[in-house]
Structures are given as structure tokens and as C-alpha cells.
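Scope of the values below: all heavy atoms of this structure, side chains included, with no hydrogens, waters or symmetry mates. All values reported here derive from a predicted model rather than from experimental measurement.
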Amino acid sequence: MPALASHRKPRTRVRSTTPAVGLTTAALAGVTLLSTQSAIAAPASPKPSIEDVQKKVDDLYRQAGTATQQYNQAKEASAAQRGKVDALLDDVAKRADKLNDARRALGNYAAAQYRTGSIAPSATFFLADDPQSYFDQNQLMARMAGRQQKAVTDFRTQQAAASKKRAEAAKGLETLTESQATLRTSKENVQKKLGEARTMLSKLTAEEKARLAALERKKEAEAKRKAEELARQQAAAKAEADRKAEEAAKQAGSGGDTGTGTGTDSSATTKADKVLAFARAQIGKPYVWGATGPSSYDCSGLTQAAWKAAGVDIPRTTWDQVEIGTRIATADLQPGDLVFFYDDISHVGIYKGDGMMIHAPKPGANVREESIYYMPIYGSVRPA
């Protein structure tokens, strides 16, 4: 029996060990195969081309411009609502004073009635020194009762008015809170888009940055070429208009002075001169989103300040500025006109003539002159 037991034990160990080695080897081989397949199936994503980087960065700056206009809009709304709320709170305080005055008057009547009590008219007649005294006293009591009734009416009126104004102030504060929340969100969106653009640019090598700069120069050269073409077209159109005016003057026998100038044209030219003089004085100052001067500007902050210098108040945002004045075709642009860009109207510049404008371009850049064809044109307006 002992010999039989020792004969079976080694056989049991051999059977349990051999398959384990085979399974381990197979598992390792399987893992290796899966790893190899995964590496083949998921290759590293290719690095974007410089052209793609330029397009992406430009788009991020455009999105930041849109978010900046949303910020400007929310900031204006918040400031306006704050003014309304402050006025309502002042009104509530004044009405509270009037309510307290009415309450005190009512309290005085109540206290007086408590002290004197109430006497029946017949008793008053018999206690009076004479009939005339009774009638005088009765008339006095009637007047006092009328004043008391007026005090009650005044109190109720002031109480209702105060309650209404408190409700308006509460609603105004709620709207103000919403405006401030929108303001914070817009600010965060601007910072996010600018951060993404800066991150993308920071990852470029020196060679890639040089290639990107070359692309920018090519883009600027093409925009300048289009501006020069517009300048030639406008000069030709003006020369033709002057020629026709001179011919008309000769036919009318006016001797060369057409006499077609108007006070309105002169006034518009004077305003445009002031707009451009102000804009030129800002060249070199940095773009800062949300800024309205005097040390820095965003695009619509510059256009608003320039027209204000000419005595014309225009709205704060590009979306509101595009709705004012008269719409102008690109071929008919004159100095001082506002030119808007992109389908979302997120940028604006001041036309200076010859296809060029003065504008606050984007973060990291300064106010400068540039071709209006550097960005896709949406449309143009003449504010005044």
C-alpha cells in the first residue's frame, strides 16, 4: 500500500505543472499580438499643417472677437440695469419715508381718540354752554373726522405704492443678477478662446513660426493689392463724376463753378475729418478686449470713441453699430465710414480711403492701418 501511494504522487505533480507552462506562454503570446494589433490600428494623429494652424488661430481670434462683443453687450446691459435698480431703491426709500409719515399721522389720531373717548351728540348738546357752542364744537369734530379719514386714505395709498416699488426693485435685482452672470460667462469665453490660440502658437517650432509669418505676409500682400484696385476704381469714378459735373456746368453757363456743394456734404466731411484725426492719434495703442480708451481699445470701442470725438454718439457693440446710419456699398465708401467683417459681424474698422482702414485688430496687436480686404467684409455704414 505505501509503495502504491508513492507511485501515484509524482504522476499528479507532472500533470498539474505541464499545462500551466503552456497556458502562460500562450497568454503572453496573445498579449503581445494584441499590443501589436493595437499599435497598428491606432497610429499617432498627424501634426496639422501650418495652413491649418493659421486657419485655426484666425478662427479662434474671430470667436474671441464675437465673445468680446457679447461681453460688451452684457456689460452695457448690466450697467443700465444697475442704474434702474439704484433709482428704484431710492424711490422705495422715499416712499418708505412717506409711509412712515402717514403711519405717524394715523397714530396721532388714534391716540387722541383714545384719550378723549367718544360722547354721544345728545350729551354734547346738553353739556354745551349754549346752542352756538354746540354747533361750533360739532363742526370742529366733523372736520377732525374728515382729517382722520384722509390720514387713513393717505396711509393706504402710500402703503400700496411702496409695495409696488419694492416688487419692481426685487424684479430689477433679479434681472441685474442675470446680466452679471452673462457678463461673467462672456468674459470666460473670451479668455478661453485667447488661451487656446496662445497655446497653439506656443507649440510651433522656430521654423514653423517663420512659415506662419510668411503666410501672413502673403495674406497681407493680397489684401493690399485688392485695396489698391479699389482705390483705382474709386479714383476713376470720382474723375468721371467731376467730368460730368464740369460738362453740366458749362452747358448751364455757370462758368466752371457747379454750385452743387451743400451744407450737409460739408458737415459730413468735417465730421469724417474729426473721426480720422482721432483714429490716427490712436495708432500704436494696444488692443484690449472690452476697452474703450484712452490708453487701449477693442475694435468697436475705437469706432465709438472716434465718432464721439466728432460729436456723434454711436452704440457700443458692432451688432448695434451696423444698424445705424446709412448702408454703403464697398465701392462707394468714403473716409469715416464703418466697415464690418465676418458673417457674425464681430469686427469693425474705420475707412480712411484708398481701400484702407484704421482698426484695433486683435489681442497682441496695436491699432494700425490695414487693407479692408484683410478679412471678409460683411457690409458698411455711414453713421452721419
Side-chain angles (χ1 to χ4, degrees), residues 44-69 71 189-232 276 279-291 293 295-303 318 330 333 338-378 380:
S45 56
K47 191 172 183 179
S49 66
I50 291 300
E51 290 77 10
D52 290 337
V53 170
Q54 182 190 41
K55 183 178 179 181
K56 180 63 176 176
V57 169
D58 285 348
D59 188 53
L60 285 170
Y61 278 131
R62 182 193 61 76
Q63 292 178 41
T66 302
T68 297
Q69 295 306 314
Y71 171 84
N189 286 340
V190 174
Q191 293 171 332
K192 178 182 178 183
K193 297 303 179 183
L194 295 180
E196 290 177 10
R198 283 191 291 265
T199 298
M200 181 168 284
L201 291 173
S202 68
K203 293 180 179 179
L204 297 179
T205 64
E207 179 185 355
E208 289 170 334
K209 289 178 181 178
R211 290 168 56 196
L212 182 61
L215 287 176
E216 285 294 324
R217 288 193 295 272
K218 181 179 178 182
K219 181 179 178 181
E220 291 170 0
E222 176 62 17
K224 186 177 180 181
R225 184 192 66 77
K226 290 182 178 179
E228 291 170 349
E229 176 61 27
L230 176 62
R232 284 192 292 270
L276 286 176
R280 288 191 184 97
Q282 312 315 308
I283 291 177
K285 293 182 179 180
Y287 174 103
V288 174
W289 63 270
S295 58
S296 59
Y297 298 90
D298 64 16
C299 65
S300 57
L302 176 64
T303 53
T318 54
T330 301
L333 282 169
L338 301 182
V339 186
F340 298 87
F341 302 90
Y342 301 112
D343 290 340
D344 59 0
I345 322 175
S346 56
H347 192 72
V348 63
I350 303 169
Y351 190 68
K352 68 174 287 291
D354 297 331
M356 302 293 287
M357 66 176 170
I358 299 174
H359 71 141
K362 60 185 178 182
N366 296 331
V367 175
R368 66 192 183 200
E369 293 185 9
E370 199 154 46
S371 167
I372 62 172
Y373 293 102
Y374 185 77
M375 294 166 283
I377 297 173
Y378 173 84
S380 305

- Message: Quick one, Lys219 with Met375, criterion side-chain contact (heavy atoms from CB on, under 4.5 Å). Give me CA distance, side-chain angles, the key distance, then yes/no.
- Response: CA-CA 10 Å; Lys219 181 179 178 181; Met375 294 166 283; 5.7 Å; no
- Can you tell me if Ser346 uses its side chain to pair, donor with acceptor, with the backbone of Tyr342 under 3.5 Å? no
- Check the surroundings of atom NZ in Lys224: do more than 12 heavy atoms from other residues, nucleotides or ligands lie under 6.0 Å from it? no
- State plainly whether the residues Glu220 and Arg217 are in salt-bridge range, i.e. N to O under 4.0 Å. no
- Are the side chain of Glu369 and the backbone of Ile358 linked by a donor-acceptor contact shorter than 3.5 Å? no
- Message: Please check if the number of heavy atoms outside Asp354 that lie under 6.0 Å from its CG is greater than 12.
- Response: no
- Item | Smallest separation among heavy atoms of Leu276 and Tyr351, with atom names | CD2-O, 3.6 Å
- Taking atom types as modelled, find out whether Thr68 and Asp298 have a side-chain donor-acceptor pair closer than 3.5 angstrom. no
- Donor on one side chain, acceptor on other, Gln54 and Glu216, under 3.5 Å: yes
- Over 60° means perpendicular and under 30° means parallel, so classify the ring planes of His347 and Phe341, tilted if in between. tilted
- Message: For the residue pair Tyr297 / Gln282, report whether a side-chain donor-acceptor contact shorter than 3.5 Å exists.
- Response: yes
- Query: Is Lys55 salt-bridged to Asp52, cutoff N-O under 4.0 Å?
  - Reply: no
- Item | Glu229 with Arg232: basic N within carboxylate O range, under 4.0 Å | yes
- Query: Can any side-chain N or O of Ser371 pair as donor or acceptor with the backbone N or O of Ala223 at less than 3.5 Å?
  - Reply: yes
